[in-house]
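See below for the structure under consideration.
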Amino acid sequence: MSDELIWKSAAELGELYRSREVSPVEVVEAVIDRMERVQPVLNIMVTETAEQARADAKAAERRFASGDDLPPLYGVPVTVKDLAETAGVRTTYGCTAFAEYVPDFDNIGWARLKAQGAILLGKTTTPEFGLLGVAQSKLTGATSTPWRPGYDAGGSSAGAAAAVVAGVGPIAWGSDGGGSIRVPSSLCGAVGIKPSIGRVPYIDCEDGDSTDGPIARTVLDAAIVLEATNGHDPRDRFSVQKDTRDYVEAARAAGDLTGVRVAAVHHLGQNILDPDVRRLFDAALDDLRAAGAVVEEVEIDLPDTEEYFAHINGHSYRQYTEELEGMGVELWPMIKQVAAAADEVTARQVNDANHAGKTAIYNAFRTAMAGADVMVTPTTPVPAFPHGGARGPSAVVDGHRVEALGHLCHMTTEPPSHAGLPAISVPGGFTPQGLPIGLQFIGHLWADADLISVAARYQRATDWHLRRPEI
């Protein structure tokens, strides 16, 4: 029974708790056992909170026994990325300088999940401050995709995505500035949502690109989490009021994709696509058509992704480098490289990238998506790759020499982030080697509910999300 319980979705657990067929105590014990079994293989956890989780499960069991009217996520086990502060629980940011840091406050999203009664299993791995596109940290080592140990889970919500796919809780809390939810979701075979700009607030938001968000095995579960966490908080000046549309209702909407207009794009500036990813993406377009969608392949005119990355992020990386090296922290070479490149970036280029550049990217999406309900792209140009290097190993992909596969993976996820658009990665197939690939659906600004509805209907038309890794 315990092996069955670890694969139950959050929505299913809610129903089982309320019917008293299953207790939160049984579920938490099963998931903790699973966590202990897969941790030595995948390296997904930084800090485990098993004893507190057991105590919280017993308290939840009492509440359900008393017949209380409880929120949808009450008693559901969850993991939290180690960039999100958790009061009383160690938060390292993936950095040796914070190896013993225990905050006295909660990240806003996690605070909202905790208020819903979600049970914390522990904190999941991330590269230093989420600055790398691969699942590596000097503090914790490398995190693997559940489908092939030794292959990268993606950055920076690495442990979060690997955990849900490995059966360690049905949901995880992650964060995404340029793809840090969607890339790991693609390489691990999970569902990950980056909501519209400002939907989910977090403390001291600096740029408006970054956001927290859910990772799950189903679109419905991710929608339940996003419904519980979206809405304004005065500590985040970019945050907006709670969406008037219900994300859970959107995910549960009946029917196929008849009449849905989909703009399909193979490249978002990277112009490199692994042949297996291309084949699976084209097959997914056929699946969309079979489900009733009207799919039109379109072009989109975007600035050079790598150059834009340097202009947007160079000075931020330099600031991190100066602060951390001042604390005696030895940084990954890639972070130093990006920081050093900031010397070549002028103030004019930074200003243009943050203002005119972001506007141009937003308008490019608006033009390409005119007449379409959503856009669909491969989430990452390649499937999971072997661990190696601070940016991932080099390889020849699609006839091109790529020096850093981890960096390449974010080239398709960064542009929607700069535009502030909602985007979701859902499982879209498996390579002949058994590695998952993701489909990235991109929605119009503030149309998160429409995006969720399309992704949920696509997922119901396929069975990729029902596959389980053998670990």
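Only a predicted model underlies this, so the values are computations on that prediction, with no experimental measurement involved. Heavy-atom basis, side chains included; hydrogens, waters and symmetry copies ignored.
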So, W110 versus D212: side-chain donor-acceptor pair below 3.5 Å or not?
no

Who pairs with D68 by salt bridge (Lys or Arg N to Asp or Glu O under 4.0 Å), at least two apart in sequence or on another chain?
R63

Residue pair D176, R199: steps toward the salt bridge (charged side-chain N to carboxylate O under 4.0 Å, His left out) verdict
CA-CA 13 Å; D176 189 315; R199 280 282 185 233; over 6 Å; no

Within-4.5 Å side-chain heavy-atom neighbours: T124 and V46
no

From T379 OG1 over to I181 CD1, what is the distance, rounded to the nearest 0.5 angstrom?
12.5 Å

Would you say F238 and H232 make side-chain contact, with heavy atoms under 4.5 Å?
no

Ignoring hydrogens and geometry beyond distance, is a side-chain donor-acceptor pair present between T125 and T140 at under 3.5 Å?
no

Using a strict cut-off of less than 4.0 Å between a Lys/Arg side-chain nitrogen and an Asp/Glu carboxylate oxygen, indicate whether E29 and R54 qualify as a salt bridge.
yes

Between R245 and D450, does at least one N-O distance fall below 4.0 Å, as a salt bridge requires?
yes

Work out which heavy atom in A111 is nearest to a heavy atom in D106; give both atom names and the distance.
CB-CB, 3.8 Å

For F129, the ring-ring contact (aromatic ring centres under 6.0 Å, His included) test, sequence neighbours excluded, returns Y93, F98, Y320

Stepwise side chain to side chain contact (heavy atoms under 4.5 Å, CB included) check, I203 with N107
CA-CA 7 Å; I203 300 169; N107 162 278; over 6 Å; no

Look at the side chain of S19 and the backbone N and O of E15, then say whether any donor-acceptor pair between them is shorter than 3.5 Å.
yes

Backbone of S156 reached by a side-chain donor or acceptor of T126 within 3.5 Å:
yes

Any sub-3.5 Å donor-acceptor pair from S137's side-chain atoms to P127's backbone N or O?
no

Exam field: side chain H444 to backbone A372, donor-acceptor pair closer than 3.5 Å:
yes

Assess the residue pair F441 and T377 against the criterion (side chain to side chain contact (heavy atoms under 4.5 Å, CB included)); give the C-alpha distance rounded to whole Å, side-chain angles, the decisive distance to 0.1 Å, and a yes or no.
CA-CA 7 Å; F441 289 97; T377 76; over 6 Å; no

Does E100 have any salt bridge (Lys or Arg N to Asp or Glu O under 4.0 Å) partners at least two apart in sequence or in another chain, and if so, which?
none

Taking C-beta and beyond as the side chain, do R112 and D233 meet within less than 4.5 Å on heavy atoms?
yes

Flag, side chain of R252 to backbone of V248, donor-acceptor distance under 3.5 Å:
no

Enumerate, atom names and distances included, each donor-acceptor pair closer than 3.5 Å involving a side-chain atom of residues 276-294, sequence neighbours excluded.
unit_1: D282; atom_1: OD1; unit_2: H266; atom_2: NE2; d: 2.8
unit_1: D286; atom_1: OD1; unit_2: R289; atom_2: NH1; d: 3.1

Got a second to check how far I471's CD1 is from R148's CZ, nearest 0.5 Å?
14.0 Å

Heavy atoms only: give me the nearest A11-D221 pair and the separation to one decimal.
N-OD1, 3.0 Å

Could you tell me whether a side-chain N or O of S180 sits under 3.5 Å from a main-chain N or O of G177, the two making a donor and an acceptor?
no

All heavy atoms of I361 vs all of A419, minimum pair found to be CG2-CB, 4.0 Å

Mind checking the NZ-OG1 spacing from K114 to T86? Nearest 0.5 Å is all I need.
8.0 Å

Considering only heavy atoms from C-beta outward, does the side chain of V38 approach that of P146 to under 4.5 Å?
no

Going through the distances and angles, do Q116 and V78 end up as a side chain to side chain contact (heavy atoms under 4.5 Å, CB included)?
CA-CA 12 Å; Q116 283 262 319; V78 58; over 6 Å; no

Is any side-chain heavy atom of W464 less than 4.5 Å from a side-chain heavy atom of F430?
yes

Judged by atom type as modelled, is there a donor-acceptor pair below 3.5 Å linking the side chain of E36 to the main-chain atoms of D33?
no

At their closest point, which heavy atom of T145 faces which heavy atom of A384, and how far apart are they?
CG2-CB, 3.9 Å

Side-chain touch L16/K8, heavy atoms, less than 4.5 angstrom
yes

Sorted by chain and number, sequence neighbours left out, salt bridge (Lys or Arg N to Asp or Glu O under 4.0 Å) with D82 holds for K123

Out of curiosity, R261 CZ to M369 CE, how far, rounded to the nearest 0.5 Å?
10.5 Å

Will you find, in the side chains of S425 and S185, an N or O donor that is under 3.5 Å from an N or O acceptor?
no

Expected output: side-chain Q39 to main-chain I44 donor-acceptor under 3.5 Å
yes

In plain terms, say whether D209 and K358 are close enough for a salt bridge, that is, a side-chain N and a carboxylate O under 4.0 Å apart.
yes

Taking E470 for the side chain and R468 for the main chain, is one N or O donor matched with an acceptor at less than 3.5 Å?
no

Is it true that the side chains of R182 and S417 contain a donor and an acceptor less than 3.5 Å apart?
yes

Of the non-hydrogen atoms in G174 and S157, which two are nearest, and what is the gap between them?
CA-OG, 3.8 Å

Measuring from T412:OG1 to L273:CG, what's the distance to the nearest 0.5 Å?
9.0 Å

Taking atom types as modelled, is there a side-chain donor on T91 or E85 under 3.5 Å from an acceptor on the other?
no

Using every non-hydrogen atom in the two residues, find where D236 and Y202 come nearest and quote the distance to one decimal.
OD2-N, 3.2 Å

Are L113 and V76 close enough, and set up right, to give a side chain to side chain contact (heavy atoms under 4.5 Å, CB included), and what steps lead you there?
CA-CA 10 Å; L113 291 175; V76 174; over 6 Å; no

May I ask you to say whether K242 pairs ionically with E227, meaning some side-chain N is under 4.0 Å from a carboxylate O?
yes

Heavy-atom side-chain proximity of L187 to F385 below 4.5 angstrom:
yes

Would the distance check show the side chain of R391 and the main-chain N or O of L405 forming a donor-acceptor pair, the cut-off being under 3.5 Å?
no

Pairing of D256 and R457 as salt bridge, 4.0 angstrom limit:
no

Any heavy-atom pair between the side chains of L220 and Y247 that's under 4.5 Å?
no

Tell me every residue that passes salt bridge (Lys or Arg N to Asp or Glu O under 4.0 Å) with K58, counting only those two or more places apart in sequence or in another chain.
none

